[in-house]
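Have a look at the structure below before the remarks.
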Amino acid sequence: MASEATTLAVPGPDGDREVRISSPSRVLWPEPGITKLDLAEYLVAVGDAFVRANGDRPISLQRFPGGVDGEQFFSKNPPKGAPDYVRAVTVTYPSGRQHPQLVVDEPAVAVWAAQMNTVVFHPWASRAEDPDHPDQLRIDLDPQPGTDFHDTVPIAHELRKVLDEVGLTAWIKTSGNRGLHVFAPILPEYEFLDVRHAVIAAARELERRMPDRVTTAWWKEERGERVFVDFNQANRDRTMAGAYSPRALAHASVSTPIAWDELDDADPTTFTIRSVPERLRTTGDPWQTMHDEAASIAPLLDWWERDLEAGAGELPFPPDFPKMPGEPPRVQPSRAKKP
């Protein structure tokens, strides 16, 4: 017996492509009843904005074969059987290992990924043609227990001011969960470690201005009821959900770009696979011109050096990274040996 399948016509730069969707009625989000076909049609509807935000970048696919409540895994290199319009770029991981990684060049690639049960798309901060030098500075505002999305709002406004002081233009999107992501287009002139240091410099300045609300403490036991600025998201091969990417949450939320004048009244739970296409049609894409102008992170690196001279050292790296120069011990403070 032939398996259930359908075909979607996906517009692109070279005309429509026919993308086969097997098991289109498979439910990926049980609570709202959203199927694989619904996901594919969503990606067609937001295709241009999705590619503008995530295209021409190495990208990791977070896949859920049994739906968002089931098992998941990450795909980085293009799976076998990829169509001829799917390309890859070789990237270097923190271990020094090199491997090809998928690149999205047109909406059909995203729809093809959805056919393989991809729910969340994680683009790198660098371009495919120069994967070692980010052209985006990304700052993740992560609410800790006792705080929520609304606690991130005044912090994001202050962060915008901090970045403006060093000549960077801030753009914002919901994370799709409880937090906010602040981006700034930058000149691709520095490596990931330098960009991480620039993020730390901005985060420390933000923490100085809002010490009761903001923390850069890597260890959860030291954060308290504050919003954590996750500086390690700026590392090589560390990614966050891309703009217009769905999230694997019960209500099928989407990480959604918003304008700064929308932030105070924003409700991230209203940005979903079902609502975002209409939002795009009626309000447009707030990130459409993000990369029209970029600036240097050199002023932030000056702040980093200033803080080093004042005694603020390197911060911990993720546990799977090699030991880095100047890094403090990777020991939870409550378990560290006392002198």
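What you see is a predicted model; the values in this text were computed from it and never measured.
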Fill in: Residue pair L137, L300: steps toward the side-chain contact (heavy atoms from CB on, under 4.5 Å) verdict
CA-CA 11 Å; L137 180 137; L300 280 178; 3.9 Å; yes
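Nearest heavy atoms, V103 versus V109: O-CG1, 3.9 Å. Minimum heavy-atom separation, P277 to A45: CB-CB, 3.9 Å. Contact between H181 and T174 at its shortest, heavy atoms only, is ND1-O, 4.5 Å.
K36 and E4 are not joined by a salt bridge, as no carboxylate oxygen comes within less than 4.0 angstrom of a charged side-chain nitrogen. K161 has no carboxylate O lying under 4.0 Å from a charged side-chain N of E165, or vice versa, which leaves the two without a salt bridge. One finds no salt bridge joining R26 and D38 here, because no Lys/Arg side-chain nitrogen approaches an Asp/Glu carboxylate oxygen to under 4.0 Å. Under the 4.0 Å criterion applied to side-chain N and carboxylate O atoms, E309 and R306 are not assigned as salt-bridge partners. D230 has no carboxylate O lying under 4.0 Å from a charged side-chain N of R238, or vice versa, which leaves the two without a salt bridge.
Residues Q98 and T92 have side chains that bring a donor and an acceptor to within less than 3.5 angstrom of each other. If you check the side chains of D14 and Y85, you find no donor sitting under 3.5 Å from an acceptor. Between the side chains of S296 and E189, a donor-acceptor pair is found at a separation under 3.5 Å. For the 3.5 Å distance criterion, the side chains of H291 and Q136 qualify, holding a donor opposite an acceptor. No donor-acceptor contact under 3.5 angstrom links the side chains of T169 and E293, judged on distance only.
Taking a 6.0 Å sphere around CD of E71, one finds it holds 12 or fewer heavy atoms contributed by other residues, nucleotides or ligands. Around atom CZ of R213, no more than 12 heavy atoms belonging to other residues, nucleotides or ligands sit under 6.0 Å away. Annotation: N77, atom CG; neighbour count of heavy atoms from other residues, nucleotides and ligands within 6.0 Å is above 12.
To the nearest 0.5 Å, atom CZ of residue R236 and atom CZ of residue F321 are 8.5 Å apart. Separation of atoms CG (D212) and CD (E207) is listed at 10.5 Å; rounding is to 0.5 Å. Here CZ of R52 is found 4.5 Å from CD of Q288. Values are rounded to the nearest 0.5 Å. Interatomic distance, L61 CG to N117 CG, rounded to the nearest 0.5 Å: 11.0 Å. Atoms CD and CG, from Q144 and D151 in turn, are 11.0 Å apart once rounded to the nearest 0.5 Å. Annotation: the span from S245 atom OG to I59 atom CD1 amounts to 7.5 Å, rounded to 0.5 Å.
Using cut-offs of 30° and 60° for the angle between ring planes, the H122 and F74 rings count as tilted. Classified by interplanar angle (parallel below 30°, tilted 30° to 60°, perpendicular above 60°), the ring pair H197/W304 is parallel.
Taking 4.5 Å as the limit, every side-chain heavy atom of Q72 sits out of range of all side-chain heavy atoms of R63. In this structure, L159 and V229 have side chains that are not in contact, with every pair of non-hydrogen atoms separated by 4.5 Å or more. With contacts defined as side-chain heavy-atom distances shorter than 4.5 Å, the pair P328/L315 does not qualify. Residues M240 and F183 meet the side-chain proximity criterion, which asks for heavy atoms closer than 4.5 Å.
With hydrogens and angles disregarded, no donor-acceptor distance shorter than 3.5 Å links the side chain of Q62 to the backbone of V119. Formation of a donor-acceptor pair under 3.5 Å by the R138 side chain with backbone atoms of W124 is found in this model.
Judged by the 6.0 Å distance and 45° axis criteria, R196 is positioned over the aromatic ring of F317.
Note: F64 and W29 fail the aromatic proximity criterion, with ring centroids not under 6.0 Å apart.
Linking Ile, Leu, Val, Met, Phe, Trp and Tyr whenever their side-chain heavy atoms come within less than 4.5 Å leaves L187 and V199 in two separate clusters.
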